[in-house]
Amino acid sequence: MTAELAAGPLSGVRVVELAGIGPGPFAAMMLADLGADVVRVDRVTDVDASAFGTPHPDLLNRGRRSIGVDLKSTAGREVVLSLVEDVDALIEGFRPGVTERLGLGPADCHRVNPRLVYGRMTGWGQDGPNAGYAGHDIDYLALTGTLHGIGRAGQRPVPPMNLLGDFGGGGMMLALGVVSALYAVRGGAAGQVIDAAIVDGVAVLSTQIHALRQLGMWHDPRGVNLLDGGAPFYDTYECADGRHLAVGALEPRFYDELVRRTGFPVPPDEMADRTDPANWPALRAAWSRLFRTRTRDEWTALLTDSDACVAPVLDWREAPEHPHLAARQTFLVRDGVVQPAPAPRFSGTPTSVRRPPPWPGEHTDEVLAEAGYGQDRVTELRTAGAVG
């Protein structure tokens, strides 16, 4: 391996990913960003050799190699099991029971590799009344109570894209589970199965809200609380140019700084006690009137270098160009494509995007050669449609 390919705290860890969409690939991306050698097993029917050599546009697949395999064929199943023999982890995101029917379930894989960490990504989990049914991010948020709390007071709940469920409660939890199980294996434990369900992950992410409810500091109606847009000092405001500011001046000293720098309130508005929720509607109206007197960037210039806790609401194009994110290299350019850089950061084992996203089957010959397959056998498998 080259020095570049060896970088990252997970250098030396080998992972097989059975191709899916959304949270499973995100978990595999995280492991690859951290240095793991991840081989993605794509459908043989998706292989198009004419595209090889150019980056695939799906950034979630970055950092790994791809082979094309027909998982429903006996020879294709044997190819995957031969890879599993010599790796540390496998990730799959099918409905419960699918890999078992393919002959690639946990028991099948543990027979050839007892130390394997077998990561399973689903929405509902491997068991329970909903386990066998389809669902999406919005459904998992709904069932955990999380979606109920997102939205304006008196209005319907608003889905926060699919970042909270698929990627926070799903893919990130799966990546954490795989790394934790690998740590246990390195300590002498046997391989095991990771049941990463989005409903479980989202529920864990909402622990603070449950705590605040127990403390009497959170009310069940949405949009009336300190952190859900209910408070006028933790909200977004439209500016003179139609763009927006995000205001998060929670603590009194930060709110005082915001008041001082903006000159709030502008007559005839009056300064009201912000600790009394009864005053929040009037305060919000007053802040709204003030923020509409200047453009977003004018307010940003006034408030950025301070503890007023105000930030411009940037769009997808603007975000990578912000001076702070640029200074930290929060985004990077790989093969001409702007994309988020790996996170978190490590002082001794730096991470990197080591490979662009592959096209399905782009590395079939290379990966099978590493697994001990001769070229004649690869040709036989390709002729039979087992690999591509």
Do [X] and [Y] touch side chain to side chain, with heavy atoms closer than 4.5 Å?
X	Y	answer
V179	L10	yes
T122	P96	yes
S288	R292	yes
S82	L368	no
V87	V15	no

Cationic N near anionic O, under 4.0 Å, [X] to [Y]:
X	Y	answer
D365	R382	yes
R152	D235	yes
R355	E362	no
D86	R14	yes

Checklist entry - Can E92 and R120 be said to form a side chain to side chain contact (heavy atoms under 4.5 Å, CB included), step by step? => result CA-CA 5 Å; E92 62 96 357; R120 317 195 79 169; 2.6 Å; yes
Atom pair [atom1] ([X]) and [atom2] ([Y]), whose distance is rounded to the nearest 0.5 Å:
X	Y	atom1	atom2	result
L227	M217	CG	CE	9.0 Å
I138	L164	CD1	CG	11.5 Å
M173	I194	CE	CD1	13.0 Å
R261	T304	CZ	OG1	9.5 Å

Got a sec: does the [atom1] of [X] have more than 12 other heavy atoms crowding it under 6.0 Å?
X	atom1	result
H148	NE2	yes
Y183	OH	no
R156	CZ	no
I21	CD1	no
D273	CG	yes
E370	CD	yes
Q375	CD	yes
M271	CE	yes

Out of curiosity, does [Y] fall in the hydrophobic cluster containing [X] (side-chain heavy atoms, cut-off under 4.5 Å, transitive links)?
X	Y	answer
L18	L381	yes
M121	M172	no
I91	V117	yes
Y255	V266	yes
V16	V38	no

Checklist entry - Out of W280, F264, Y237, which one pairs with W287 under the ring-ring contact (aromatic ring centres under 6.0 Å, His included) rule? => result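 By the ring-ring contact (aromatic ring centres under 6.0 Å, His included) criterion, W287 pairs with just one of W280, F264, Y237: F264.
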Which pair of non-hydrogen atoms, one from [X] and one from [Y], has the smallest distance, and what is that distance?
X	Y	value
G223	D228	N-OD2, 2.9 Å
E257	S306	OE2-CB, 3.7 Å
L205	G168	CD1-C, 3.8 Å

Next on the checklist: Out of the candidates R354, R64, R65, only one should pair with D37 under the salt bridge (Lys or Arg N to Asp or Glu O under 4.0 Å) rule; please name it.
Outcome noted: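 Passing option: R65.
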Checklist entry - Hey, does the side chain of N61 reach the backbone of P358 with a donor-acceptor pair shorter than 3.5 angstrom? => result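 Checking the backbone N and O of P358 against the side chain of N61, no donor-acceptor pair under 3.5 Å is found.
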Item to check | Side-chain donor/acceptor of N113 to backbone N/O of V84, under 3.5 Å | outcome: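 Confirmed, N113 side chain pairs with V84 backbone.
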Next on the checklist: Between W299 and L290, does the side chain to side chain contact (heavy atoms under 4.5 Å, CB included) criterion hold? Intermediate values first, please.
Outcome noted: CA-CA 10 Å; W299 284 118; L290 176 61; 3.9 Å; yes
Next on the checklist: Evaluate T236 against F291 for side chain to side chain contact (heavy atoms under 4.5 Å, CB included), listing each step before the verdict.
Outcome noted: CA-CA 10 Å; T236 59; F291 283 126; over 6 Å; no
